[in-house]
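Structure first, then comments.
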Amino acid sequence: MLPPHGPGAGADQILAGYLRKQAGDFLRGLRLHGRSGADTHRTAEATRALREAAHRIRGALHTFRPLLDPAWADQLRTELAWLSGVLAEEHACTARLNRLLDALARLSGTQPVPAARTGAGATGPTGPTGPTGPTEGRPQSEVPEPHRPEAGVPEADRPERGRWAGGTPAEDGRAEGTRVENGPAPEEAPATPRPAATPRPAATPVPAAGAPGALTVGGARAGALLERRLTLGRTRAHSAALQALGSSRFHAVADAVALLASDVPLAATPAATGAALAAHAEVAERRLLAAVTALPLARAAHPYNAEALVLGLAAAPAGEAQDAPWHQVRELLRLHVYAQEVLGAGCGTGPDRRLTAAGRTLDRHRDAAAAAAAAAAAARTPRIAPATAYALGVLHADQRHEVEAARFAFQQAWQEACRAPGGPRDRYAPAAP
């Protein structure tokens, strides 16, 4: 936080001091990023510092645009939005993958998610082993004979042939262990029957979708599918970030921020008083209040009302539409908090902690909604096993419940912020002109 200005400080002095500080933070993050090298932890910290400084500069340029050169403010705000989006994508993919894998392990009751098992005909001295059969999620009585694990299943989903229960494949197709397949074909059956002293163990039936254990069976494949998809997205985002940081467009943004650290282009009007900052911050606050009023806070006040889950099961456009107002409130709340930081720079104070707590609940809402969308997209992958699709469906429902829990937490945090002195003045304030 900047040191407090004098009582007679003008709006231009307070705003210029705030922007210079944020520009300095941006340049320090850029220098740290250049020195991080192969240290991924330091690179992540530097990227986070760059994004935070860019967000605060954008927020100040948006809220207090009338006090600045409009053309310059719009240009820099657009470029900072591009840079923030490019840098945030890799972190978003990593956080989304960790969130989904942790939730999948929690829902399946295992930590970490165990390897998949064969549910039909995989027997041996150590019990059922091998990769998950393509008939996972179906009762044993419904699996067709004679090749029960592989009947009617695409080639990509079939288990590897020739693998033995003991874990060692035989070169000639025979060994002392029991094969994962359901034994030889009828024409290859041995002439002498199996001795009665060594009875064949009964096969373990595959749990049906919804039965206990079904999520564990499909959890391994669901986790592998999510990891493959999101790791690919993270790799592409990393490549895009490296390309952006080496482009001429990024160097132009860095030069503009470097100039901002020494010279802030203000409007060509006479210097305004400090009250002008409060007037523009009030406009941002009224927009926030109008957006919060449009939210179904009365519904969100009841926990487990299932609205987020039910609407999340609708078509993709409908599900995104019901999350959009909450995402808009998150953006407006962040602008309001940054405006309070600028006002606090003139008197040595900062935004109310209740507002920052409400902002964190909306961050949780955004992360859970994005994770649910990623699980739904993975479930639409062609030719996946039924148990895998079931595990992804349960994961999607769990994340939509997290969305609902975040809405309930925001409703409570917002009520507390409204009752606090100096908080939002009225939850039902009219929209700003």
Side-chain angles (χ1 to χ4, degrees), residues 22-23 25-59 77-106 223 225-247 249-250 253-254 257 320 323-324 326-331 333-335 337-338 356-378 395-396 398-399 402-403 406:
Q22 299 306 323
D25 293 342
F26 183 92
L27 296 177
R28 279 189 291 271
L30 182 60
R31 184 168 56 251
L32 178 61
H33 190 280
R35 295 178 178 176
S36 58
D39 190 344
T40 56
H41 179 70
R42 293 184 62 187
T43 301
E45 290 295 323
T47 303
R48 183 182 60 83
L50 283 172
R51 290 172 51 217
E52 289 183 355
H55 285 319
R56 283 173 165 79
I57 295 174
R58 284 177 55 208
R77 185 157 57 94
T78 302
E79 295 302 303
L80 289 176
W82 162 76
L83 179 61
S84 300
V86 171
L87 296 180
E89 188 62 28
E90 181 181 0
H91 170 74
C93 290
T94 303
R96 198 172 304 144
L97 177 60
N98 294 335
R99 181 187 186 94
L100 287 172
L101 292 183
D102 291 344
L104 193 60
R106 170 175 52 83
L225 178 60
L226 289 170
E227 186 170 6
R228 183 167 62 251
R229 291 173 60 93
L230 292 177
T231 301
L232 178 61
R234 180 178 59 189
T235 303
R236 291 175 176 174
H238 181 71
S239 301
L242 291 180
Q243 184 178 3
L245 292 176
S247 64
R249 184 178 182 181
F250 170 75
V253 175
V257 176
E320 296 173 359
D323 292 333
W326 297 86
H327 297 333
Q328 182 186 11
V329 169
R330 174 181 169 273
E331 294 295 330
L333 179 58
R334 186 162 62 177
L335 291 176
V337 170
Y338 294 159
T356 57
R360 285 193 296 268
T361 61
L362 291 180
D363 290 341
R364 287 170 42 203
H365 178 275
R366 177 206 55 186
D367 296 341
L395 186 60
H396 173 267
D398 174 75
Q399 294 304 303
E402 290 290 333
V403 169

Exercise for review: Kindly compute the distance separating CG (Leu83) from CD (Glu79), expressed to the nearest 0.5 Å.
Suggested key: 9.0 Å

Exercise for review: Check the surroundings of atom NE2 in His55: do more than 12 heavy atoms from other residues, nucleotides or ligands lie under 6.0 Å from it?
Suggested key: yes

Practice item. Indicate yes or no for a side-chain donor-acceptor contact from Ser84 to the backbone of Ala81 under 3.5 Å, with no hydrogens or angles considered. Key: no

Exercise for review: Sort and list the pairs that fulfil salt bridge (Lys or Arg N to Asp or Glu O under 4.0 Å) and have at least one residue in residues 225-244, not counting sequence neighbours.
Suggested key: none

Exercise for review: Can you see which heavy atom on Tyr338 is nearest to which on Gly59, and at what distance?
Suggested key: CD1-CA, 4.1 Å

Point to revise | SB check Arg360 Asp363 (cutoff 4.0 Å) | key: no

Practice item. State, to 0.1 Å, how close Ala369 and Asp323 come at their nearest heavy-atom pair, and which atoms those are. Key: CB-OD2, 3.8 Å

Exercise for review: Might you point out which heavy atoms bring Leu30 and Leu50 nearest each other, and give the distance in Å?
Suggested key: N-CD2, 3.5 Å

**Study point:** Note, Asp398 side chain near Leu104 side chain (heavy atom, < 4.5 Å)
**Key:** no

Revision key, fill the gap. Heavy atoms of Ala375 and Leu226 approach each other most closely as CA-CD2, 4.4 Å

**Study point:** Student check: side-chain heavy atoms of Arg48 and His91 closer than 4.5 Å
**Key:** no

Review point. Is Gln399 close to Leu100 at the side-chain level, that is, under 4.5 Å between some pair of heavy atoms?
Key: yes

Study note, to complete from the structure: Hits for salt bridge (Lys or Arg N to Asp or Glu O under 4.0 Å) against Arg56, two or more places apart or cross-chain, chain-then-number order -> Glu341

Check your understanding: Any Lys/Arg nitrogen of Glu45 or Arg42 sitting under 4.0 Å from an Asp/Glu carboxylate oxygen of the other?
Key -> no

Point to revise | Minimum side-chain heavy-atom gap His33-Leu245 below 4.5 Å | key: yes

Check your understanding: Where do Val86 and Ala241 come nearest, in terms of heavy atoms and distance?
Key -> CG1-CA, 3.7 Å

Practice item. Measure the CH2-OG1 distance between Trp326 and Thr361 for me, rounded to the nearest 0.5 Å. Key: 8.5 Å

**Study point:** Candidate pair His365 and His327, rule side chain to side chain contact (heavy atoms under 4.5 Å, CB included), full reasoning
**Key:** CA-CA 8 Å; His365 178 275; His327 297 333; 3.7 Å; yes

Review point. Are Glu89 and Cys93 side-chain neighbours, meaning at least one heavy-atom pair lies under 4.5 Å?
Key: yes

Check your understanding: Which heavy-atom pair separates Ala53 from Gln22 by the least distance, and what is that distance?
Key -> CB-O, 3.6 Å

Exercise for review: Measure the shortest side-chain to side-chain distance between His238 and Thr235 over non-hydrogen atoms and say whether it is less than 4.5 angstrom.
Suggested key: no

Exercise for review: Using the test salt bridge (Lys or Arg N to Asp or Glu O under 4.0 Å), find all partners of Arg77 that sit at least two apart in sequence or belong to another chain.
Suggested key: Asp74

Revision key, fill the gap. d(Thr94 OG1, Leu230 CG) to nearest 0.5 Å is 9.0 Å

**Study point:** Atom pair CZ (Arg51) and CG (Leu80), whose distance is rounded to the nearest 0.5 Å
**Key:** 13.5 Å

